[in-house]
Amino acid sequence: QVQLVESGGGVVQAGGSLRLSCAASGRTFSRNNMGWFRQAPGKERAFVAAIKWGGATTTYADSVEGRFTISRDSAKNTVYLQMDSLKLEDTAVYYCAADSRVFSMILQSSRGSYDYWGQGTQVTVSS
């Protein structure tokens, strides 16, 4: 059974940092692109960042570019999202996702391109 389990969420003051982790089990995702999405109350789930299977290529939403960093440790089957300079508008449930295609050369930002999802972790930024 494939599982993606996020952790590291919590409450942090504006300007602070958090590091989210996404641990995969049930199969290896070392050959798959991985992504992070978030969903704020009353809003649709939105793309945050993605990383290619090799780890060398990443892409970010404009709203987090320069503040968030996605990385992966394929040996641990884990993906990370380092979030710095957090803003109130970063408050959301953060979801990890995996693209089922292996060795894909295209980093996807659409929800429909990802086949596996975690249960989400809450990030709350306070003033």
Side-chain angles (χ1 to χ4, degrees):
Q1 180 183 0
V2 175
Q3 276 192 313
L4 300 178
V5 179
E6 302 96 336
S7 61
V11 180
V12 62
Q13 284 194 325
S17 298
L18 278 177
R19 188 194 196 204
L20 304 183
S21 298
C22 170
S25 62
R27 58 162 283 184
T28 179
F29 285 100
S30 61
R31 302 172 297 173
N32 303 81
N33 298 342
M34 303 288 290
W36 285 96
F37 288 74
R38 66 186 181 185
Q39 188 166 15
K43 295 187 177 181
E44 293 190 352
R45 194 172 298 187
F47 172 75
V48 174
I51 186 166
K52 197 172 280 187
W53 47 269
T57 304
T58 58
T59 188
Y60 298 91
D62 290 344
S63 58
V64 307
E65 180 82 53
R67 300 188 297 120
F68 290 12
T69 304
I70 187 172
S71 61
R72 66 190 302 164
D73 185 337
S74 293
K76 295 183 178 180
N77 219 15
T78 300
V79 178
Y80 305 97
L81 185 67
Q82 177 67 40
M83 305 186 295
D84 299 317
S85 302
L86 282 161
K87 304 177 180 180
L88 296 179
E89 52 265 40
D90 294 320
T91 295
V93 177
Y94 283 72
Y95 297 90
C96 173
D99 183 343
S100 64
R101 289 163 290 195
V102 296
F103 300 128
S104 174
M105 298 305 293
I106 302 174
L107 272 179
Q108 302 287 350
S109 61
S110 62
R111 289 176 297 170
S113 298
Y114 292 84
D115 308 283
Y116 301 101
W117 292 86
Q119 83 290 347
T121 186
Q122 176 71 46
V123 172
T124 302
V125 184
S126 63
S127 58

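Just the heavy atoms: all of them, side chains too, but no hydrogens, waters or symmetry mates, feed the values below. From a predicted model like this one, the values you see are computed outputs, not experimental measurements.
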Side chains of S17 and Q82: does their closest heavy-atom pair fall under 4.5 Å? yes

Tell me if a side-chain donor or acceptor on D99 pairs with a main-chain N or O of N32 at a distance below 3.5 Å. no

I'd like to know if R38 pairs up with D90 as an ion pair, taking the criterion as any Lys NZ or Arg NE/NH1/NH2 lying under 4.0 Å from an Asp or Glu carboxylate oxygen. yes

Between W53 and R101, is any pair of side-chain heavy atoms under 4.5 Å apart? no

Taking the side chain from K52 and the backbone from L107, do they hold a donor-acceptor pair closer than 3.5 Å? no

Could R111 and W117 be counted as a cation-pi pair, given that NZ or CZ must be under 6.0 Å from the ring centre and within 45° of the axis? no

Can you check whether Q122 reaches T124 side chain to side chain, under 4.5 Å on heavy atoms? yes

Atom CD of residue position E44 - does it have more than 12 heavy atoms of other residues, nucleotides or ligands inside 6.0 Å? no

Applying disulfide bond (SG atoms under 2.5 Å apart), which residue pairs with at least one partner in residues 24-93 are found, sequence neighbours left out? none

Would you please indicate if the ring centroids of F37 and Y95 are separated by under 6.0 Å? no

Testing the basics here: between S30 and S74, what is the closest heavy-atom pair and its distance to 0.1 Å? CB-CB, 3.8 Å

Tell me who clusters with M34, hydrophobic residues only, linked when side chains sit under 4.5 Å apart either directly or through other members. V2, L4, V12, L18, L20, F29, W36, V48, I51, Y60, V64, F68, I70, V79, L81, M83, L86, L88, Y94, Y116, V123, V125

If I take atom OG from residue S25 and atom CD from residue Q3, how far apart are they, to the nearest 0.5 angstrom? 4.5 Å

Donor-acceptor check, side chain of E6 to backbone of G120, threshold 3.5 angstrom: yes or no? yes

Side-chain heavy atoms under 4.5 angstrom apart, residues restricted to Ile, Leu, Val, Met, Phe, Trp, Tyr: same cluster for M105 and V102? yes

Quick one, Y80 and R72 - any side-chain contact, counting heavy atoms below 4.5 Å? no

Check: K76 main-chain N/O paired with T78 side-chain donor or acceptor under 3.5 Å: yes

